[in-house]
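The sequence lines fix the lettering, A, B, ..., with proteins before strands; numbering per chain opens at 1. As a basis for the values below, the full set of heavy atoms in this structure was taken, side chains included, without hydrogen atoms, waters or symmetry mates.
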2 protein chains.
Amino acid sequence: MKGKKVIKEKADEQESNLGITANKEDDFSEWYNQAVLRAGLADYSSIKGFMIIKPLGYAIWENIQHKFDQQIKKHGVKNAYFPLLVPESFFKKEAEHAKGFSPEVAWVANRDEDSGERLAIRPTSETIICDSFRKWLRSYRDLPIRVNQWCNIVRWEIKMTKLFIRTREFLWQEGHCIYETSEEAERETMLYLNEYKSLLEEELAIPVLSGKKTESEKFAGAVYTLTTEALMPDGRALQTATSHYLGQDFMKVFDVEFLGKDKKKHTPHYISWGMTTRLIGAIVMVHGDNKGLVLPPRIAPQQIVIVPILFGDEKKDSPVLAEAEKIRKELEHEFRVEIDSRTEYSAGWKFNEWEMKGIPLRIEIGPRDILKGECVLAKRNTGEKITAKASGIREKVKDTLKDIQKEMFEKAKKFLTSNIENVSSMRELKEAIAKKKLARAAFCGSPKCEEKIREEVEGITTRLIPFDEKPARGAKCIRCGKEAKELVYFAKNY
Amino acid sequence: MKGKKVIKEKADEQESNLGITANKEDDFSEWYNQAVLRAGLADYSSIKGFMIIKPLGYAIWENIQHKFDQQIKKHGVKNAYFPLLVPESFFKKEAEHAKGFSPEVAWVANRDEDSGERLAIRPTSETIICDSFRKWLRSYRDLPIRVNQWCNIVRWEIKMTKLFIRTREFLWQEGHCIYETSEEAERETMLYLNEYKSLLEEELAIPVLSGKKTESEKFAGAVYTLTTEALMPDGRALQTATSHYLGQDFMKVFDVEFLGKDKKKHTPHYISWGMTTRLIGAIVMVHGDNKGLVLPPRIAPQQIVIVPILFGDEKKDSPVLAEAEKIRKELEHEFRVEIDSRTEYSAGWKFNEWEMKGIPLRIEIGPRDILKGECVLAKRNTGEKITAKASGIREKVKDTLKDIQKEMFEKAKKFLTSNIENVSSMRELKEAIAKKKLARAAFCGSPKCEEKIREEVEGITTRLIPFDEKPARGAKCIRCGKEAKELVYFAKNY
């Protein structure tokens, strides 16, 4: 494009950007770390397993929070805040829950003075919130109660740290709701799962499969767990959000009850649902390329960067700068737009930097563009450049951002669907997993069969039982050959 | 007003609201606890010193966050998130800081596997953020760096718990910025203090004094601390926000340095600033009355409640309900408004409930109002009732909310100014403190004199050295009689 050659030369003279040297296709793990670190999304901290979410990463989280918070508030959910610390006795009340979380709890050295009890840093807040439900709930008139908290969580896992994806501390939201009937509770378990699916697909442009977890993969203490799962480019599945129907067990052990219309005592039905900052990691993995991040426009903290192409003498009071500023002003009410008028870097250097940070759309404007009343739109996702009239820029930008969002989703969707493989034998299953596929198989539903499959295929996990796909008539379980009750998706996971 | 008699009788038939029984004037402490608990702002948790912020309390915090976050982002501050845990060695680097915070640190039983170090739950994040500054800062071009985090904090204090005001865990924001020069750093120490003052006075309707802390009251590790202080109705001062100029000490011990324009290494200048959920407690104390909360319109989660006055036969399909709904629709784009159309409670019962929750404005509408094309606006702060034409309701509501906000601030301002007492002897100082006044005295500035005053007047603290008030020519220190260098405000505190 305009003046490109000159810029190139200038860029070469300068210190080059610290770009990404690893290849996404060849060394996915190294590529991911570089993409996260060099774009400035996050940083390692001095403590093992703990990360720092840098401003760019946190701004993405704020956008996710904002979108999701609006949605859940429409359903009557209210935000609240519960204590960081959980007494040991609370954990022990629900046996399955205690068993599931105890190995990864961080304990505090200081004890509660009143009870002398050990205190845990919350790995999740079911128990402490149930303790409040008991105090808050009196009659059926109080139901449903729907609360949510945005907070930090600590799980002292021993697996290797992976920024955003696996860290000992992470940020999340956890919704906790209680209802008069199981019908309501189960309906809303699905409602919040669908809200996650919308968030992921419409905002983050990440297509997901949704379904139920198998018995061995469900949340510790749940009747069942619903999940959304995304497929990462290295063939591993990533659990992106879960919604649990917890039934009445927690209610009973915490003595949560209400006076019904019939003047008798009843036990409510409980659900909880959550998603975490790992979604930021999913965005990087699914959309990023060898130049760095590619952020979906709807969630990008900055959607547009305007780069004026400036030459030596024109760096101040340039008509190019004035025109760039005019465009910015025209766009700023509708879009998140910045102008990069730094004079110490060449345009080429800036292009690299903003590409690494994943800004969806770059607008380039140089002296010759002004003469023609034009500018150039460069799409981050495809690299495509479009010459646009400066006069109708707002509409053009709007359409282009929409296109980018759509293209990103469709590309990811195509990747997901083309990597699902139907398998009908253990050999096929092993091969599919080795080929980094998401394998779909008929399954009897027995936890024992599931365990055997895990023993026989290294690193495999059951991801979900899809809602709307059933095994063919007469289909047999891939492991035991008995009648199949369901279809199951298998994959390695994060 | 209309139909009032009938409503009264109905209310008597029903279970009465669990109103506030303590008197603000007679038993301030008990009144405060009841106001917080019964309005549903917060709750005690099962762990000593930890509280639950209930939806109404959290919604106020969200409004405070939203207003303040917008302001600081205008100054170029970016939000980020740093780890919950701080290695022990970090604390020890800055001696004063360690000395100040060590007694109230909660330690985690799990240790960092790499270093074997003890880990503390953050009581504040200077050290952990400085550790990141070292990694992030390269050249003068990177400066200033301005980050902020919204997070939870734990300080294992032994004093008695007071909801919002003194708890072991609280929510806050902490801003951390580094600059090339001390001038910039000091200018912005004041800038953020002024943002706090604006937030408190304009949004929360809480007038504050602002100034500098004495040496013994400054933040552990600061060169100096600026503060905003509000006066509570029981004569105690409440520190509402602080902004610290930290100079270069933290920078030096954490090896934070940058390459200057002169190609030499330089040390940046550091500031930090914070405010907490205790502001919610301040709102309750300053504005509340014997009916419960009184929330300033600009920060109230719900600004208006519309209560249709319904009679037995009219509870469904009533023209009153239809008119109430029409008013709600007219107001909802501009205001946070709800309609209370519950049929199981009388209007009188509802009035009590919404008054307890502090909703600034109630709109009452009954059958006779409809005939006249009117409705009644009831102001929570004064109890005043205004008959308004339904046709021009939007403008009237807007003006009335503005009036309420202004009246609340002015009332609190009058309380503050009328409770400042100039004292010129130790006897007068003691008397002023006993009379629950904020005492202003000339002071020599010596920490020794300050200590003596604390020994001689039980519970007294120095609150601040005002910015723009100086001692009279020749004024003597209230304690030692030497030449006064400054004026100081004294009070008991929270």
Greatest number of heavy atom pairs closer than 4.5 Å to chain A - which of [options]:
options                   : value
C151(B), G40(B), P55(B)   : P55(B)
I121(B), T167(B), V86(B)  : I121(B)
E117(B), Q149(B), E169(B) : E169(B)

So which residue, [options], ends up with the most heavy-atom pairs under 4.5 Å with chain B?
options                           : value
K54(A), K78(A), K135(A)           : K54(A)
N148(A), D131(A), L85(A), V105(A) : L85(A)
S132(A), A106(A), P83(A)          : P83(A)

So for [X], is it side chain, backbone, both, or neither that comes closer than 4.5 Å to the heavy atoms of chain A?
X       : answer
W107(B) : both
V147(B) : side chain
I129(B) : neither
E62(B)  : side chain
N79(B)  : both
R146(B) : neither
R342(B) : neither
R168(B) : side chain

Can you name the residues of residues 42-52 of chain A that have some heavy atom under 4.5 Å away from a heavy atom in chain B? D43(A), Y44(A), S45(A), S46(A), I47(A), K48(A), F50(A), M51(A), I52(A)
Could you list which of residues 66-75 of chain A have a heavy atom closer than 4.5 Å to any heavy atom of chain B, in residue-number order? D69(A), K73(A)
Using a 4.5 Å cut-off on heavy atoms from C-beta on, say whether the side chain of L84(B) contacts that of L84(A). yes
Flag the pair V108(A) / V154(B) as yes when at least one side-chain heavy-atom distance between them is below 4.5 Å, and no otherwise. no
Non-hydrogen atoms of chain B under 4.5 Å away: do they reach the side chain of [X], the backbone, both or neither?
X       : result
W136(A) : side chain
L56(A)  : neither
I128(A) : side chain

Could you tell me whether K162(A) atom NZ has more than 12 heavy atoms of other residues or ligands within 6.0 Å of it? yes
Intermediate values then yes/no, side chain to side chain contact (heavy atoms under 4.5 Å, CB included), Y81(B) and T277(A): CA-CA 11 Å; Y81(B) 186 76; T277(A) 36; over 6 Å; no
